[in-house]
Amino acid sequence: MVLPSPEEPSRGFVYLHGFASSPRSKKALAMSEALRADGWAVRVPDLNEGGFEDLTVSRALEQAASQLFHRTILIGSSMGAYVGTLLALRDPRIRGLVLMAPAFDLAERLMRRYDRDVETWRREGQLEVEHYGYGGELKPIRWAFVEDAWTHEGRPSIPSPAYVLTGERDEVVPVELVSEVVRASESAVEYDRVDDDHALLNSWPRALAAARALAKRRFGSQVEP
């Protein structure tokens with residue numbers, strides 16, 4: 001494994017945003033600013049880099065892996081939480097997970113979300129979707145996104161230590177789905193169900209507290225040795 005150079009921090013947080021979102025999302029900004037104020041190094045990669053049109057889960061995994069610290073607490077929202085779970089199962093640099101509304105069964109959820117447009121998407125090779133990272137503008141994404149998503153396990157086992165936050169009123173990723181994945185995971189997972197929707201805008205401070213607790217547990221101090 002490649003060790004960080006002396007000029008780079010050896011530990012910190014990586015935040016992965018959701019589908020059709022960006023590093024400028026409210027949760028990404030609020031949580032990264034709070035953690036940096038604590039003295040931690042934080043990276044928030046833009047999963048749209050390389051073109052949202054050509055986004056795939058595989059590409060997101062590569063982009064996220066390139067941003068990991070030697071010891072990383074990974075925070076993910078929706079698709080970012082799903083990608084983070086997949087990555088944690090293969091990369092030992094991830095020492096803890098904070099998952100918010102994790103978009104498990106991603107390919108299947110996309111089929112249901114865009115049900116009326118699936119055949120057009122498949123036939124024409126791309127579909128315009130509302131992209132919140134660009135102020136709600138319609139942006140095209142290729143059918144290859146769906147094809148690639150099907151190649152990844154929809155319900156990966158969540159490795160510990162992990163904290164999972166999900167909303168009882170989530171209209172995108174049903175709380176029942178998240179509960180099933182948590183129960184099926186082989187390791188102990190701290191599971192927090194709250195009265196909120198998919199955005200978790202009223203509940204994200206709970207995830208921030210969990211991230212801080214994980215860092216204290218896994219790293220001790222934010223001061224580099």
Side-chain angles (χ1 to χ4, degrees), residues 12-25 27-28 31-32 42-69 71-111 113 129 131-133 139 141-166 170 172-174 177-178 180-182 184-185 187 189 198-200 204 207 210-211 214:
F13 291 86
V14 171
Y15 183 105
L16 300 181
H17 63 76
F19 177 75
S21 185
S22 79
R24 302 291 299 173
S25 73
K27 293 196 299 292
M31 294 186 73
S32 60
V42 184
R43 294 171 181 163
V44 189
D46 187 354
L47 301 181
N48 302 294
E49 187 177 345
F52 174 69
E53 182 176 4
D54 295 312
L55 173 66
T56 64
V57 172
S58 295
R59 193 187 80 179
L61 282 165
E62 292 177 1
Q63 290 173 317
S66 72
Q67 296 297 306
L68 296 181
F69 299 93
R71 291 180 288 171
T72 300
I73 301 295
L74 192 144
I75 305 170
S77 173
S78 194
M79 187 191 80
Y82 170 62
V83 169
T85 305
L86 292 173
L87 187 58
L89 288 168
R90 66 181 72 173
D91 198 315
R93 291 177 294 174
I94 297 177
R95 305 299 177 87
L97 289 170
V98 175
L99 309 176
M100 295 179 286
F104 298 121
D105 279 346
L106 179 61
E108 181 179 337
R109 300 308 310 165
L110 285 169
M111 294 298 92
R113 180 174 179 179
V129 301
H131 198 300
Y132 303 102
K139 295 290 184 181
I141 187 162
R142 297 188 190 280
W143 177 250
F145 180 86
V146 179
E147 293 179 321
D148 177 82
W150 280 119
T151 69
H152 296 277
E153 184 178 0
R155 301 186 180 193
S157 180
I158 304 170
S160 65
Y163 166 87
V164 179
L165 177 66
T166 187
D170 193 324
V172 178
V173 182
L177 168 59
V178 179
E180 289 174 6
V181 177
V182 169
S185 295
S187 55
V189 176
H198 186 67
L200 293 171
W204 67 263
L214 265 178

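Within the 4.5 Å cutoff, no side-chain heavy atoms of Arg71 are placed close to those of Arg93. Using a 4.5 Å heavy-atom cutoff, the side chains of Leu106 and Met79 are in contact. Between Leu74 and Val98 there is no side-chain heavy-atom pair separated by less than 4.5 Å. Side chains of His152 and Leu61 form a contact here, defined as non-hydrogen atoms less than 4.5 Å apart. Pro102 is not listed as a side-chain neighbour of Val181, based on a closest heavy-atom distance of 4.5 Å or more. Leu99 places none of its side-chain heavy atoms less than 4.5 Å from the side chain of Tyr82. With a 4.5 Å cut-off on side-chain heavy atoms, Ile75 and Met100 count as touching.
No side-chain donor-acceptor contact under 3.5 Å links Gln63 to the backbone of Pro45. Remark: side-chain polar atoms of Lys27 are not paired, donor with acceptor, to backbone N or O of Gly76 under 3.5 angstrom. Looking only at distances, no side-chain donor or acceptor of Arg95 sits under 3.5 Å from a matching main-chain atom of Pro161.
Between Thr85 atom OG1 and Leu97 atom CG the span is 5.5 Å, to the nearest 0.5 Å. How far CG of Leu165 is from OG of Ser77: 9.5 Å, rounded to the nearest 0.5 Å. Considering CZ of Phe145 and CG of Leu55, their distance stands at 5.0 Å, rounded to 0.5 Å.
Pairs of residues two or more places apart, or lying in two chains, never qualify as salt bridge (Lys or Arg N to Asp or Glu O under 4.0 Å) while including a residue from residues 72-83. Within the structure, every pair that satisfies the salt bridge (Lys or Arg N to Asp or Glu O under 4.0 Å) test and touches residues 142-164, not counting sequence neighbours, is listed here: Glu53-Arg142, Asp54-Arg142, Asp105-Arg155, Arg155-Glu180.
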Next item on the list: Please assess Val178 against Val164 for the test side-chain contact (heavy atoms from CB on, under 4.5 Å), listing each intermediate value before the final yes or no.
Entry: CA-CA 9 Å; Val178 179; Val164 179; 3.7 Å; yes

Next item on the list: Applying side-chain contact (heavy atoms from CB on, under 4.5 Å), run through Phe13 and Val44 and close with a yes or a no.
Entry: CA-CA 8 Å; Phe13 291 86; Val44 189; over 6 Å; no

Next item on the list: Give the C-alpha distance, both sets of side-chain angles, the deciding distance and a yes or no for side-chain contact (heavy atoms from CB on, under 4.5 Å) between Arg109 and Val172.
Entry: CA-CA 8 Å; Arg109 300 308 310 165; Val172 178; 6.0 Å; no

With a 3.5 Å cut-off and sequence neighbours excluded, list the donor-acceptor pairs that the side chains of residues 14-23 form with protein atoms.
{"from": "His17", "atom 1": "NE2", "to": "Leu47", "atom 2": "N", "distance (Å)": "2.9"}
{"from": "Ser22", "atom 1": "OG", "to": "Arg24", "atom 2": "N", "distance (Å)": "3.0"}

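Side-chain atoms of Thr166 and His198 form no donor-acceptor pair, as typed in the model, at a separation below 3.5 Å.
When every heavy atom of Val173 is checked against every heavy atom of Ala103, the shortest pair comes out as CG2-CA, 3.8 Å. Listed here is the closest heavy atom pair of Ile94 and Gly84: CD1-O, 4.3 Å. When all heavy atoms of Leu89 and Ser157 are compared, the pair lying nearest together is CD2-O, 3.4 Å. Here the shortest heavy-atom pairing between Ala101 and Leu200 reads N-CD1, 3.8 Å. What you find for Ser32 and Ala28 is that their closest heavy atoms are OG-O, 2.6 Å. Of all non-hydrogen atoms in Ser187 and Ile158, the two that sit nearest each other are OG-O, 2.8 Å.
Residues that satisfy the ring pair (Phe, Tyr, Trp, His ring centres under 6.0 Å) test with Trp150, not counting sequence neighbours, are absent from this structure. With sequence neighbours left out, the ring pair (Phe, Tyr, Trp, His ring centres under 6.0 Å) criterion links His131 to Phe52, Tyr134. Every residue was checked against the ring pair (Phe, Tyr, Trp, His ring centres under 6.0 Å) condition with Tyr163, not counting sequence neighbours, and none meets it.
In this structure, Arg43 satisfies the cation-pi test against Phe69, with its NZ or CZ atom closer than 6.0 Å to the six-membered ring centre and inside 45 degrees of the ring normal.
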